Structure formats: structure tokens, C-alpha cells
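What follows is a short report on a single structure.
Remember, it's a predicted structure, so these values are computed and weren't measured experimentally.
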There are 2 protein chains.
Amino acid sequence: MQLEDIMQSADRPLASQRSEVGKIRRKNEAEILRAATLLFSKNGFQGVRIAEVAEEAGLPKANIYYYFTSKEAIYTGILRKLISGWDEALEEIRADREPREALEAYVRAKLDYGRRNPEESRLFAAELQSGGPFLSDADREHMREATDKRVTIVEGWIANGRMRPVNPRHLFIILWSATQFYIDSDKLACDALRVPEMTDDDYQDAAATILETVIGSVIPTA
Amino acid sequence: MQLEDIMQSADRPLASQRSEVGKIRRKNEAEILRAATLLFSKNGFQGVRIAEVAEEAGLPKANIYYYFTSKEAIYTGILRKLISGWDEALEEIRADREPREALEAYVRAKLDYGRRNPEESRLFAAELQSGGPFLSDADREHMREATDKRVTIVEGWIANGRMRPVNPRHLFIILWSATQFYIDSDKLACDALRVPEMTDDDYQDAAATILETVIGSVIPTA
DNA sequence: CAATAAACTGACCAGATGGTCAGTCATTGA
DNA sequence: TCAATGACTGACCATCTGGTCAGTTTATTG
């Protein structure tokens, strides 16, 4: 987490001189990011006023601008942190594992990450769904490479006959969208479907259903 | 489509007197809604200025307010139209049909509707995902009932042994989120997954994958 | 205990944006 | 042809909001 990148560089002209960032600074920046993440995930970039962020963070508005150069800097700062989470779950998919085991681990990792970081997760998904206007080309490229790598692995499994022939990208789409749906489920769409508050049991249930219906069908019962 | 509801009622004090709404009015209102839908679906409620809507519709801003009382009125007007689309696809799920056939028809109907109305579809999904702040209680209740009805049907199929025992709500979640993902797929998330422009073939492929992986696994091979 | 740097903040500003309105032009029905 | 109503619009306004800044307070350090 390189907070420096999203800070006013002018504020710390000689960063190398003091390896330790001020305690107050560290605390307040974290608090601002927390508040901003919460609000951005709910209302999107345009739907949030920095005055709100300030209030949520318990700081005067001008103080926000002491730590961050702009509203956009806060947003992209959050986003950068999340890119690394994108492939965290994907790491589970390795050629040396059994397909069922690997896909299962992926689903559980994704659900688990979302469970632990619901705001961040929703923020990231919303950013993707709106076309990623704040993602850099490098970010996109990174995500594409991470995906391509796993597609190749799945193709290998299929070639080995360890998986039924299925379009790997479409498989990932189903897994990604389904898990994301559960993560965002404290929102209304689930209200309509009457899956109200997601409890631990519900998450288990969700994972089980995805595993059975999706994964189960692409793995031949040896 | 009752446009009257979202119009300035003061403009037509005696609606009953003339059953035919002015041609110009009809045309311009439709044009405004089209423009607004396009923009709202891209940028969300907060992300759109009515000046943009005006430009997109090719009308001066003040003219927008001649037809609609407020920005919110335009938005909720669009939304109301969409509620009816919510169950259009769900209609396919009827107790008298074969489960596989019904679920397949549902997926194809949903994909097809999204294909034909991508903006509306995305707008609606975004509204749901942000917690439906502009949906009325009646709208929510309507959606819940529509879902409940189909859950009962699926439960019946399971009781009859025509479907494997699966949580029906979770099954719908997987189907809904997966299809929605494809509909929104001209956006970045698919860029990362390298499923670029969705062609007709891609839609066929998507439908096939969903059918195979999800539906295929819940229907016992008699 | 200076003195230097970090942390903080009330007050302010420029531009944007939703919305209004008084008045003009166009259409239509008698 | 002539009201009367519908359609339209330039100009305007109140408010909001991202962002600035000059100056003050608090912490750190030699």
C-alpha cells in the first residue's frame, strides 16, 4: 500500500529523510480512506461530496485536502489498493491442482474476500460495471493478463480431459458474476429474491449452490 | 406506458377531453426519455446533468422542464416502465412446463430482452445494485411477489423429483447475475475477460454455457 | 526553550447545476 | 381571422460543491 502516491508530494519534500510517516498522518489518511470507501461504494464517485467524506471521517473538510490533492485522488487511491485483490482469489487456480479443488477454492476465496471487505468489493465491481473510467491502462492490462493466465490453465485441464469442454472465459464470467452478486447481497436485488441478510450459513449455502450447479457440471465424475 | 403520470399534471387540466395527446408532445417526451435512459444507464442518476439530456435530445434545457417536472421525475418515469420488464422473462417459468424447457426459455428471454434494450436493462440493474433508492414500496413488493411465485414452482418441481434439490432463490440469483453480466458486457469487466463485443454468436455461446453449466446440472438426466 | 515543521481550519471563491419565469411563437378549432 | 391553448426559450437565480488559502495551533527536536 503506497499511500505516498496519492498524497500531496509537496507535503513531504524529503520523504527519504524520515522513513517513518507521522502517526497522526497515517491514522487520518486511513480514516479518510475508510470513510470514502464506504460512501463511494454506496453512491458512486459522482454521488459523494467530500463534505460527506469529511463528516464521516470526523474531520473538517479542509483537512481532507491537507492529505489528498483531490476527490479523484482519493477515489483512485482506493482503486489501486483493490487491483491487487482482483487476482488474490484467482491465485487459487493453478495448473498443478485438481480442477474441482481449484475452482472451489477460487469461489470460496472470492466469497470470503467479499465477506471481509464488502464496501471495497462493491466499489470495485461498480467501477468495472461502469466501464472503469478511473482505471489506468496498466490496471486493465494487469487484469487481462491475470485472466488470460487462468484461461490457459483451464484450457489445459480441458485438453487433459479433466474438465468438460466449456468456454473458460464464460465459465469465469458465471463464477465472477454469481459470487459478486452474493457479495452485494445486502442490497435490494436480494430483497426481491428474499435472501435478506447474508449470514455465515447463507454464504456456505451460496458457495455450495455455485459449486454444485456450476462447477459440478463441468467436472466429469471420474 | 402511462406517460401521464410523470408529466406536469397542470399541463393537461382536462385529460379526458382529448384522448389524443399532442403529436409533438408524444414525440418529444419519447425523445427525452430515450436520451435520459442512455445517459442514466451510463453514468447513474447523480452523474447526469439535465443539460446533457437536453443536448442529447436536441432540445433546449428549459424545454425539458416543460415536459417533466424534475430530474427525478424523468428517472422514476424510466424506472416504472422497466418494472414490467422485470417479470417478462419470469413469465416463462410456469408449473405446467418441463423444468429444463422453462429455465432455458427464461435465460433466453432474459438475454434477448437485454440484447434489445441494453440501456434500460443496465439502468435497472444499476438501480437494483445501488439499493433501489428510487423504487417505491409497491415496486419492491411487486418484484418480491413475482419471484416468490416462481420459487414455489421450482419447489414443486423439486418435490416431484423433476429437479435436483437446489435452493431456488440461489438458482435464480445465479441465472439472474450471469445473464445480467452478459447484457452489461460491452463494458470493461468483459474487456478484462477478453469477451469483447458481444456478437449474436457470443450470445448463443453465453446462453449455451449457462444452460449447460447451471441448468444442466439441476435437471436429472431422466 | 526557542525554532522548525506538521497538523489543522474558518472563511472564502469560481464554476457548475437544478430549476424558474416572463414572455414569444406556433397550431388549432370555431 | 381570431382568440386560446400548446409549445417553446433566453436569461436568470439560488444553491451546491470541489477546491484554495492565509493564518493558527500543536507536536517535535536540537
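Comparing C/dT9, C/dG18, D/dT9 by their closest approach to the side chain of B/Y65 singles out C/dG18. Comparing D/dG19, C/dG10, C/dG18 by their closest approach to the side chain of A/P60 singles out C/dG10. When each of C/dA7, D/dG19, C/dG19 is scored by its nearest atom to the side-chain atoms of A/R25, the top-ranked nucleotide is C/dA7.
Counting distance only, with no hydrogens placed and no angle test, the side-chain atoms of A/K61 and the base atoms of D/dG18 include a donor-acceptor pair under 3.5 Å.
The phosphate of C/dA6 (OP1 or OP2) has no side-chain N or O of A/Y67 nearer than 4.0 angstrom. Look at A/Y66 and you'll find a side-chain N or O under 4.0 angstrom from OP1 or OP2 of C/dA7.
Comparing B/N28 and A/R49 by the nucleotide of DNA chain D that holds the closest heavy atom to each, the one mapping nearer the 5' end is B/N28. Between A/A62 and B/N63, the residue anchored closer to the 5' end of DNA chain D is B/N63, taking for each the nucleotide with the nearest heavy atom.
Within the nucleic acid shown, B/V48 comes within 4.0 Å of sugar-phosphate atoms alone, with no base atom in reach, counting heavy atoms only.
At a threshold of 4.0 Å, the pair A/D148-A/R169 counts as salt-bridged, since one of the basic side-chain nitrogens sits closer than that to a carboxylate oxygen. Salt bridge status for B/E29 with B/R25: present, with a side-chain N to carboxylate O gap under 4.0 Å.
Looking at A/R97, its side chain never comes within 3.5 Å of a backbone N or O of A/I93 through a donor-acceptor pair.
A/F134 and A/F45 have tilted rings, their planes meeting at an angle from 30° to 60° on a 0 to 90° scale.
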